[in-house]
There are 2 protein chains.
Amino acid sequence: MRIAAILREARQYLSAAEIHARLERESAEVSLSTVYRTLEFLRAQGAVSQRTDEAGETTYLSCDGDHHHHAICRGCGRVEDVDCEAIDQFTEDLDQHNGFLLESHSMEFFGRCRACR
Amino acid sequence: MRIAAILREARQYLSAAEIHARLERESAEVSLSTVYRTLEFLRAQGAVSQRTDEAGETTYLSCDGDHHHHAICRGCGRVEDVDCEAIDQFTEDLDQHNGFLLESHSMEFFGRCRACR
DNA sequence: TTCTATTTGCGAACCGTTCGCAAAATCATC
DNA sequence: GATGATTTTGCGAACGGTTCGCAAATAGAA
């Protein structure tokens, strides 16, 4: 599917509107509705993850299912994977100190990638 | 101001609509517009931080300005502060491994607090 | 080919949020 | 207090991203 391919190649979070625009650019025209439906489908499949940006717009990123964290470049928007082995330690600490049972977490890092710094 | 007090006492992320409802409950009626305006004011002051939840709704939390991370209880919604001294190490690692200049980050932990687990 | 099931596009509806504007409240000055 | 200027408020319309309903188009099965 073209939408999945666009996301895979982009390596950054894209909004539905942005994806729609890119489809038009490669003259594979589909309606915005279809873009939303496809994204929802891909999300349900676990092929795509989503986040809402500061403006409240939902954006989508191709993902392979396993959990890792993202470093998002403020320059080009490119997303790199980061792994965080320290999380296990956190889980432990949170439990001990706060009595908080950690079930999931999300982390995002913002800065500038090698090319944009 | 009543809105700031509500947020301070709630110790959880509340939506504008929820705050509006709580104001009505204590018969301090103001319009939704005023709630939004006040929240924007408090945010600009740094007295309130905001996040957008899964549904895309903006929610607000009382905060004291300095940066720390949050453990959000899936049971009661209560937010606890977590500190993460490991971040400095991360910054170092990201730079070394990925050539990524870390400027800011956000982390959220989800689980169950002592009372709700 | 024919009938059925699925996917698509369109436009309206939805919902949280913002905006414009006029009414109301507040404040400063006399 | 009365007067006029400034600020805050409420209302309703507008906005923008997303969802929904429905009928037309397409794909699949028999």
Side-chain angles (χ1 to χ4, degrees), chain A residues 1-8 10-63 70 72 74 77 79 106 108 110, chain B residues 1-8 10-63 70 72 74 77 79 106 108 110:
Chain A
M1 177 84 48
R2 284 272 61 222
I3 291 180
I6 285 179
L7 278 170
R8 225 175 305 112
R11 285 195 166 73
Q12 58 180 282
Y13 281 98
L14 297 178
S15 68
E18 176 62 30
I19 293 169
H20 186 242
R22 294 193 182 205
L23 285 167
E24 280 190 338
R25 223 171 291 150
E26 52 188 64
S27 41
E29 317 223 356
V30 284
S31 71
L32 199 49
S33 305
T34 303
V35 174
Y36 276 110
R37 280 189 279 237
T38 308
L39 287 169
E40 166 54 24
F41 173 78
L42 292 171
R43 195 199 54 74
Q45 297 287 310
V48 152
S49 67
Q50 55 180 237
R51 71 182 290 269
T52 41
D53 65 16
E54 320 73 51
E57 210 175 9
T58 309
T59 55
Y60 304 83
L61 180 76
S62 180
C63 77
H70 294 143
I72 302 174
R74 286 218 172 92
V79 176
S106 82
E108 292 173 331
F110 302 94
Chain B
M1 174 89 40
R2 284 271 62 221
I3 291 179
I6 285 177
L7 279 170
R8 224 173 308 113
R11 285 195 165 74
Q12 58 180 284
Y13 280 99
L14 297 179
S15 68
E18 176 63 28
I19 293 168
H20 186 240
R22 294 192 183 206
L23 284 167
E24 280 190 337
R25 224 171 290 151
E26 53 188 65
S27 41
E29 319 223 354
V30 283
S31 71
L32 201 47
S33 305
T34 302
V35 174
Y36 276 110
R37 282 189 278 235
T38 306
L39 287 170
E40 166 54 25
F41 172 79
L42 292 171
R43 196 199 55 73
Q45 297 287 311
V48 152
S49 67
Q50 56 180 234
R51 70 182 291 269
T52 42
D53 64 16
E54 321 72 51
E57 210 175 9
T58 308
T59 55
Y60 305 83
L61 180 76
S62 180
C63 76
H70 294 144
I72 302 173
R74 287 217 173 92
V79 175
S106 82
E108 292 174 331
F110 302 94

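FYI, side chains are in, hydrogens and waters are out, and symmetry mates aren't considered; it's all heavy atoms of this structure. Order of the sequence lines fixes the chain letters, A, B, ..., with proteins taken first and strands second; residue numbering starts at 1 for each chain.
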- Note on the structure: Taken in chain and number order and not counting sequence neighbours, the residues that satisfy side chain to side chain donor-acceptor pair (under 3.5 Å) with A:E18 are A:R22
- Note on the structure: Under a 4.0 Å heavy-atom cutoff, the residues of residues 50-59 of chain B touching DNA chain C are B:E57, B:T58
- Message: Test of understanding: with salt bridge (charged side-chain N to carboxylate O under 4.0 Å, His left out), list the residues that count as partners of B:R74, not counting sequence neighbours.
- Response: A:E103
- Message: Measure CD/B:E18 against C1'/C:dC15 and give the value in whole Å, please.
- Response: 17 Å
- Message: I'd like to check the salt bridge (charged side-chain N to carboxylate O under 4.0 Å, His left out) partners of A:R11; sequence neighbours left out, ordered by chain and number.
- Response: none
- Note on the structure: When rounded to whole Å, the CG to C1' distance for the pair A:L14 and D:dG17 reads 16 Å
- Using atom OH of B:Y36 as one end and atom C1' of C:dT18 as the other, report the distance to the nearest whole Å. 9 Å
In a table with atom names and distances, give each donor-acceptor pair under 3.5 Å that connects a side chain of residues 30-42 of chain B to protein atoms at least two apart or in another chain.
{"residue": "B:S31", "atom": "OG", "partner": "B:T34", "partner atom": "N", "Å": "3.3"}
{"residue": "B:S31", "atom": "OG", "partner": "B:T34", "partner atom": "OG1", "Å": "3.1"}
{"residue": "B:T38", "atom": "OG1", "partner": "B:T34", "partner atom": "O", "Å": "2.7"}
{"residue": "B:E40", "atom": "OE1", "partner": "B:R43", "partner atom": "NE", "Å": "3.2"}
{"residue": "B:E40", "atom": "OE1", "partner": "B:R43", "partner atom": "NH2", "Å": "3.4"}
{"residue": "B:E40", "atom": "OE2", "partner": "B:R43", "partner atom": "NH2", "Å": "3.1"}

- Take atom CD of A:E40 and atom C1' of D:dG17, then tell me their distance rounded to the nearest Å. 15 Å
- Residues in side-chain contact (heavy atoms from CB on, under 4.5 Å) contact with A:T59, at least two apart in sequence or another chain: A:Y13, A:S15, A:R51, A:D53
- Task: Encode nucleotides 7-13 of chain C as B, S and - characters from 5' to 3', where the letter depends on protein heavy atoms closer than 4.0 Å: B to the base, S only to sugar-phosphate, - to neither.
- Result: -BBBB--
- Query: Whole-Å distance between D:dT7 C1' and B:F41 CZ?
  - Reply: 13 Å
- Query: Does A:E24 have any salt bridge (charged side-chain N to carboxylate O under 4.0 Å, His left out) partners at least two apart in sequence or in another chain, and if so, which?
  - Reply: none
- Check B:L61 against B:H70 and note the closest heavy-atom contact, atom names and distance. CD2-CE1, 3.5 Å
- Item | Partner residues of B:A21 under the side-chain contact (heavy atoms from CB on, under 4.5 Å) criterion, sequence neighbours left out | B:R25
